[in-house]
Chemist: 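To start, I am sharing the structure in question, which I have written as structure tokens.
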Amino acid sequence: GQLVLSNTAYLHSSVAFLQMMKESNLVLVYIFSLAAALERFNWRNAWLLMAVLAATTMTIHGELHFSFTGFMFQGTSQLFESIKIVLQAML
């Protein structure tokens with residue numbers, strides 16, 4: 001599922017845009033790790049992840065040919081990938 005969604009996103013958005021979106025996986029994995037009690041909350045990590053999220057948001061805002069369809073395919077793919085990473089860490 002995750003691979004198909006990610007590959008489909010390339011049909012709708014630029015490679016550079018999708019690569020910058022993938023940087024936000026760090027934030028998703030950290031949030032899911034907190035929810036699964038694999039990580040303990042740390043303000044330093046939270047501030048660093050906020051910086052990554054802000055930079056990713058600026059990239060999304062600056063995309064000249066923004067495709068909501070590509071954005072949603074990639075976002076859903078990232079959601080599944082982040083859940084997979086956290087579930088594998090729980091094993």
Side-chain angles (χ1 to χ4, degrees):
Q2 171 258 331
L3 183 61
V4 172
L5 290 169
S6 182
N7 286 344
T8 304
Y10 283 103
L11 297 173
H12 300 278
S13 298
S14 68
V15 173
F17 174 71
L18 295 176
Q19 290 299 318
M20 287 309 296
M21 271 192 72
K22 286 182 182 181
E23 294 300 321
S24 65
N25 269 6
L26 297 169
V27 177
L28 290 172
V29 169
Y30 185 67
I31 290 170
F32 291 142
S33 295
L34 289 174
L38 294 174
E39 290 281 335
R40 297 179 114 200
F41 182 79
N42 181 333
W43 278 107
R44 181 176 175 267
N45 290 347
W47 284 112
L48 289 171
L49 291 175
M50 290 291 233
V52 169
L53 193 59
T56 302
T57 303
M58 286 187 280
T59 302
I60 292 169
H61 181 70
E63 177 68 13
L64 294 176
H65 304 289
F66 179 76
S67 166
F68 187 73
T69 305
F71 175 79
M72 289 306 294
F73 276 122
Q74 184 63 32
T76 306
S77 170
Q78 287 178 227
L79 183 68
F80 290 147
E81 182 178 357
S82 298
I83 290 170
K84 179 188 80 169
I85 290 169
V86 172
L87 289 175
Q88 285 175 340
M90 292 175 69
L91 292 177

Chemist: Establish whether Leu38 and Leu34 are linked, either directly or via other cluster members, by ILVMFWY side-chain heavy-atom contacts under 4.5 Å.
Modeler: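 Different hydrophobic clusters.
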
Chemist: Atom NZ of Lys84 and atom CG of Leu79: how far apart are they, to the nearest 0.5 Å?
Modeler: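 The CG atom of Leu79 is 13.0 Å from NZ of Lys84, to the nearest 0.5 Å.
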
Chemist: Got a second to check how far Thr8's OG1 is from Leu3's CG, nearest 0.5 Å?
Modeler: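 Interatomic distance, Thr8 OG1 to Leu3 CG, rounded to 0.5 Å: 9.0 Å.
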
Chemist: List, by chain and then residue number, the residues other than Val4 in its hydrophobic cluster (Ile/Leu/Val/Met/Phe/Trp/Tyr, side-chain heavy atoms under 4.5 Å); write none if there are no others.
Modeler: none

Chemist: Count I, L, V, M, F, W, Y as connected when their side-chain heavy atoms are under 4.5 Å apart, and connections chain through other members. Are Tyr10 and Phe71 then in the same cluster?
Modeler: yes

Chemist: Is there a path of hydrophobic side-chain contacts, each under 4.5 Å between heavy atoms, that joins Met21 and Phe68?
Modeler: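 Yes, because Met21 and Phe68 connect within a single hydrophobic cluster, where side-chain heavy atoms sit under 4.5 Å apart.
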
Chemist: Quick one: side chain to side chain donor-acceptor pair (under 3.5 Å) pairs with a partner in residues 24-42, sequence neighbours left out?
Modeler: Ser24-Gln78, Asn25-Gln78, Asn25-Glu81

Chemist: My understanding is that only residues two or more places apart in sequence, or in another chain, count here; which of them pass side chain to side chain contact (heavy atoms under 4.5 Å, CB included) with Leu26?
Modeler: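 For Leu26 the side chain to side chain contact (heavy atoms under 4.5 Å, CB included) partners, ignoring immediate neighbours, are Leu49, Val52.
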
Chemist: Report yes or no: do Val29 and Ile31 belong to one cluster of Ile/Leu/Val/Met/Phe/Trp/Tyr joined by side chain heavy-atom distances under 4.5 Å?
Modeler: no

Chemist: Taking side chain to side chain contact (heavy atoms under 4.5 Å, CB included) as the test, write out the residues that go with Ser13, two or more places apart.
Modeler: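 For Ser13, the residues satisfying side chain to side chain contact (heavy atoms under 4.5 Å, CB included) (neighbours in sequence not counted) are Phe17, Leu18, Ser67.
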
Chemist: Could you identify which residues cluster with Leu5, counting Ile, Leu, Val, Met, Phe, Trp and Tyr as linked when any side-chain heavy atoms lie under 4.5 Å apart, either directly or through a chain of such contacts?
Modeler: Phe73, Phe80

Chemist: Is there a side-chain contact between Met90 and Leu87 (heavy atoms, below 4.5 Å)?
Modeler: yes

Chemist: If I take atom OG from residue Ser77 and atom NZ from residue Lys22, how far apart are they, to the nearest 0.5 angstrom?
Modeler: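 Spacing of OG (Ser77) from NZ (Lys22) equals 7.0 Å.
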
Chemist: Flag yes if Leu48 and Met50 sit in one hydrophobic cluster, no otherwise; membership is Ile, Leu, Val, Met, Phe, Trp, Tyr, and two members link when side-chain heavy atoms are under 4.5 Å apart.
Modeler: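 No, no single cluster joins them.
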
Chemist: Mind checking the CE-OG spacing from Met20 to Ser14? Nearest 0.5 Å is all I need.
Modeler: 11.0 Å

Chemist: Could you tell me the separation between the CD atom of Gln74 and the CG atom of Asn7, rounded to the nearest 0.5 Å?
Modeler: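 Reported value, rounded in 0.5 Å steps: 9.5 Å.
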
Chemist: List for me each residue that meets ring-ring contact (aromatic ring centres under 6.0 Å, His included) alongside Phe41, sequence neighbours excluded, and say none if there are none.
Modeler: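 In terms of ring-ring contact (aromatic ring centres under 6.0 Å, His included), with neighbours along the sequence ignored, Phe41 is linked to Trp43.
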
